[in-house]
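Please read the structure below before turning to the comments.
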Number of protein chains: 2
Amino acid sequence: MKKTKPDTIDTLSGGELGFLVSAVRSTIWSSIEAELQPLDITAAQFVVFNSIALGKGRTIGEFCRLLGYDSGAMTRLLDRIEKKGLVRRVANPEDRRSFLLELTPESKALFPQAKRRVQTVFKRLLAGFDEAQAAALKLALEQLLANAARTS
Amino acid sequence: MKKTKPDTIDTLSGGELGFLVSAVRSTIWSSIEAELQPLDITAAQFVVFNSIALGKGRTIGEFCRLLGYDSGAMTRLLDRIEKKGLVRRVANPEDRRSFLLELTPESKALFPQAKRRVQTVFKRLLAGFDEAQAAALKLALEQLLANAARTS
DNA sequence: TGGCAAATTCTGACTAGGCAGATACATTGC
DNA sequence: GCAATGTATCTGCCTAGTCAGAATTTGCCA
């Protein structure tokens, strides 16, 4: 049996928040997967792709920290992306232990299209949200993160 | 290198919402894991445990649909929980293909304690939220789900 | 300088979820 | 009653993430 979208839950207990957040995450993720499938890019791959394209980091380690990825997972994720020719590992002249990540010419050309597709996903998901509501959602999520950080 | 909590991101683009939701989900998840570790229960196991205890379903298939789990994943998750003696598969007299799920006496005794621990996690995460804010967060997340369902 | 702790990346072992196919049973329509 | 179809669960295979530990390189400090 394939995975199904969860039926709704009706209580208001704390656990429901966890359930909702999980469901939203998986929904966002699979919407992006579906939208990027024609380009043969997975959602995880896009996240890295996007971060490199936006210059959010330079080395593998920086992207691990930025994206909350384990270094082992990142190694293998990069292996997959590199095999598709979207990313290149380049020796870091400042530190011979590490690698810099670069887009390839092909992926630079592909990026705008992928980005646009992902943006349409979020636009669709946020339909009916005005600026204030979107900002409040973002703020609430950030507050949750801050609360968690405060006590761990 | 172990997984690290992601550093913050500074743009307002749509992708950030995906990032935030992922981070929140993983934070909730690992907070629960940490809180339940003394009881030797994982977060995934608690979710099933909790659903059974609250009578949200009866058969394996019902819990798959309720929790958005693949049936293969559920089979193996139940194997692990059953091995710990928290849950029992019981033949379903109404349908010989399926199994009903029951808590064991030990797990019934353990449940209140686990539940309490999970509640303290959410209380901590929702520190500073008043009723209206919590309700707004819940509503926003539900709206996202509804938007996704509408177009898939 | 020499030596040692820390950082960067990679690898292997393990856990876990998703999908496809298999099996057993149930239901429907004839 | 029986065939065809559908449903519930399980198994095998694949992908993916986590953790522990290794190899290499760097930086620091005596």
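Residue numbers start from 1 in every chain, and the chains themselves are labelled A, B, ... in the order their sequence lines are given, proteins ahead of strands.
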Q) Has the side chain of A:S71 got a donor or acceptor that lies under 3.5 Å from a partner of the other kind on the base of C:dC10? A) yes
Q) Whole-Å distance between D:dG17 P and A:L67 CG? A) 11 Å
**Q.** Atom CD of A:E106: over 12 foreign heavy atoms under 6.0 Å
**A.** yes
Q. Expressed in angstrom and rounded to an integer, what is the separation of A:L66 atom CG from C:dT8 atom C1'?
A. 17 Å
Q: State the CG-OG1 distance between B:D95 and B:T59, to the nearest 0.5 angstrom.
A: 8.5 Å
Q: Find the distance B:R96:CZ to C:dT23:P and express it as a whole number of Å.
A: 18 Å
Q. Whole-Å distance between D:dA16 P and A:E33 CD?
A. 8 Å
Q: Figure out the CD1/P separation between B:I60 and C:dC25, and round it to whole Å.
A: 15 Å
Q) Can you list, by residue number, the residues of residues 73-91 of chain B that have a non-hydrogen atom closer than 4.0 angstrom to DNA chain C? A) B:A73, B:R76, B:R80
Q.
How many whole angstroms separate atom CH2 of A:W29 from atom P of D:dT15?
A. 17 Å
Q: May I have the distance from A:F99 (atom CZ) to D:dT25 (atom C1'), rounded to whole angstrom?
A: 12 Å
(Q) Tell me whether A:E82 at atom CD has more than 12 heavy atoms from other residues, nucleotides or ligands lying less than 6.0 Å away. (A) yes
Q: Answer yes when A:D79 and A:R89 have at least one side-chain N-carboxylate O distance shorter than 4.0 Å, and no when they do not.
A: yes
Q) Of the nucleotides D:dC10, D:dG17, C:dG17, which one has an atom closest to the side chain of A:Y69? A) D:dG17
(Q) Whole angstroms only, please: what is the CG-P distance between A:D70 and C:dT8? (A) 14 Å
Q) Which one of A:K56, A:Q45, A:K115 satisfies the side-chain hydrogen bond (donor to acceptor under 3.5 Å, both in side chains) criterion with A:N50? A) A:K115
Q. Per the side chain to side chain contact (heavy atoms under 4.5 Å, CB included) rule, which among A:T75, A:L101, A:N92 passes with A:I60?
A. A:L101
Q: For A:F49, check ring-ring contact (aromatic ring centres under 6.0 Å, His included) against everything at least two apart and list the hits.
A: A:F111
Q. Hey, mind stepping through A:R58 and A:E102 against salt bridge (Lys or Arg N to Asp or Glu O under 4.0 Å) and telling me if it holds?
A. CA-CA 8 Å; A:R58 294 166 55 257; A:E102 281 184 358; over 6 Å; no
So which protein N/O to nucleotides 5-7 of chain D N/O distances come out below 3.5 Å?
unit_1: D:dG6; atom_1: N2; unit_2: B:R97; atom_2: NH1; d: 2.7
unit_1: D:dT7; atom_1: O4'; unit_2: B:R97; atom_2: NH1; d: 3.4
unit_1: D:dT7; atom_1: O2; unit_2: B:R97; atom_2: NH1; d: 2.4

Q | Spacing of B:L110 atom CG and B:L86 atom CG [to the nearest 0.5 Å] | A | 6.5 Å
